[in-house]
S.K.: 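Dropping a structure here in structure tokens format, bear with me for questions.
FYI, side chains are in, hydrogens and waters are out, and symmetry mates aren't considered; it's all heavy atoms of this structure.
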Amino acid sequence: MAGQLTTEVRKGDFLSLARALTLVENELEGSKEILISLPANSITSIIGVTGPPGAGKSTLVNALIAKLAEKGKRIAILAVDPTSPFNLGSLLGDRIRMSAHFNNSNVFIRSVATRGSVGGLSAKIIEMTDVLKAGGFDHIIVETVGVGQSEIEIAGLADLTIVVLVPEAGDEIQHIKSGLMEIGDAFAVNKADREGASAFAANLKKMLHQRASAVPVFKTVADKNEGIEDLLKWIENFAPAKNNMKSHLYAEKAFRLIQNFRMKDIRKEELQLLISQQMESADFNLYKFVQGFEKK
């Protein structure tokens, strides 16, 4: 079943792709087999779009989709939305904002919740991106949740990362400098029709001058399609360097997968019950207790 589903995904069938993503995202039966059967793919470029909340990331992505679709490109979008800490639900509003592209046969949009992940991405983002790579897309756009400098994971996942800011972010730049400022391959000053946009872009260029290689700064007004063409030309001509952060991100993912595999027969509730029982003994030693599991 998993092999057949992967075959359909490789043919570009959107229904099969959606089903595969659901299985993988929720760790349902067959998800492991799907991931193992995925073909290697280093051709599809992954574009990361990140930045603080309210910068207009979704609007910018929407404008990029429109331009790429006009050129006949096949595009997949993974839009990460925050999960409520109260009911663990998610609005998945990016899917609503990109509704104009729903009927485009070359555009696949998937919203995904963070599910408690604090790095601006979903816990299953790597697996979902790998599934999308098998779908024969020209570009995969990953839009992060927008939580500030903690969302540096995108730099490990994406081949190129665009950081979206707004002119009003001038006072916040120093606070996000240690995070987002280091990971951007390009910066987009969105809503550039607002007062102070030119001065902000100039100051941003000065700050980025300290980077080892030149980092472009684009002024965009995404809801009016201004500056999008220049940004797109840069994307199409960008030659990604070796991404050293990718191996770190994959090592973290591998560690968690191995950890989950080795602990699959251990339940916290059962541990608590055993401990509560053994704590009645006068010679109870927590570390001796743990050692008993290490020998299994």
S.K.: Could you report the tightest heavy-atom contact between Arg110 and Ala18, atom names first, then the distance?
M.R.: NH1-O, 3.3 Å
S.K.: Between Phe108 and Phe14, how do the two ring planes meet: parallel, tilted or perpendicular, split at 30° and 60°?
M.R.: perpendicular
S.K.: With a 3.5 Å cut-off and no angle check, do the side chains of Ser16 and Arg10 form a donor-acceptor pair?
M.R.: no
S.K.: Inspect the surroundings of CD1 in Ile43 and state if more than 12 heavy atoms from other residues, nucleotides or ligands are less than 6.0 Å away.
M.R.: no
S.K.: Report whether Val164 and Leu160 are members of the same hydrophobic cluster (ILVMFWY, side-chain heavy atoms less than 4.5 Å apart, transitive linking).
M.R.: yes
S.K.: Can you list the steps and then say if Lys71 with Leu232 is a side chain to side chain contact (heavy atoms under 4.5 Å, CB included)?
M.R.: CA-CA 11 Å; Lys71 297 174 183 286; Leu232 191 57; 3.5 Å; yes
S.K.: Determine whether more than 12 heavy atoms belonging to other residues, nucleotides or ligands lie under 6.0 Å from atom CD of Gln259.
M.R.: yes
S.K.: Of Ile126, Leu38, Val131, which meets side-chain contact (heavy atoms from CB on, under 4.5 Å) against Val24?
M.R.: Val131
S.K.: Which heavy atom in Asp223 sits nearest to a heavy atom in Thr59, and how many Å separate them?
M.R.: N-CG2, 3.6 Å
S.K.: What heavy-atom pair brings Ala69 and Ile75 nearest, and what distance separates the two atoms?
M.R.: N-CD1, 3.8 Å
S.K.: Just checking Glu229: does its CD atom have more than 12 heavy atoms from other residues, nucleotides or ligands closer to it than 6.0 angstrom?
M.R.: yes
S.K.: Using the rule that two of Ile, Leu, Val, Met, Phe, Trp, Tyr join whenever any of their side-chain heavy atoms come within less than 4.5 Å, decide whether Leu286 and Leu271 are in one cluster.
M.R.: yes
S.K.: Measure the spacing between CZ of Arg19 and CG of Leu17 and express it to the nearest 0.5 Å.
M.R.: 12.5 Å
S.K.: Report the distance from atom CG of Asn190 to atom CZ of Phe218, rounding to the nearest 0.5 Å.
M.R.: 13.0 Å
S.K.: Using every non-hydrogen atom in the two residues, find where Glu29 and Leu23 come nearest and quote the distance to one decimal.
M.R.: O-CD2, 3.9 Å
S.K.: Is Lys253 paired with Glu127 through a side-chain N to carboxylate O contact shorter than 4.0 Å?
M.R.: yes
S.K.: Give me the atom names and distance for the closest heavy-atom approach of Lys246 to Leu157.
M.R.: NZ-O, 3.0 Å
S.K.: Could you pull out the closest heavy-atom pair between Gly48 and Ala158, with the gap in Å?
M.R.: N-CB, 3.5 Å
S.K.: Indicate if Phe284 and Leu274 have the same hydrophobic cluster label, given that clusters are the connected sets of ILVMFWY residues with side-chain heavy-atom separations under 4.5 angstrom.
M.R.: yes
S.K.: State, yes or no, whether a side-chain contact exists between Asp185 and Asp159 at a heavy-atom distance under 4.5 Å.
M.R.: no
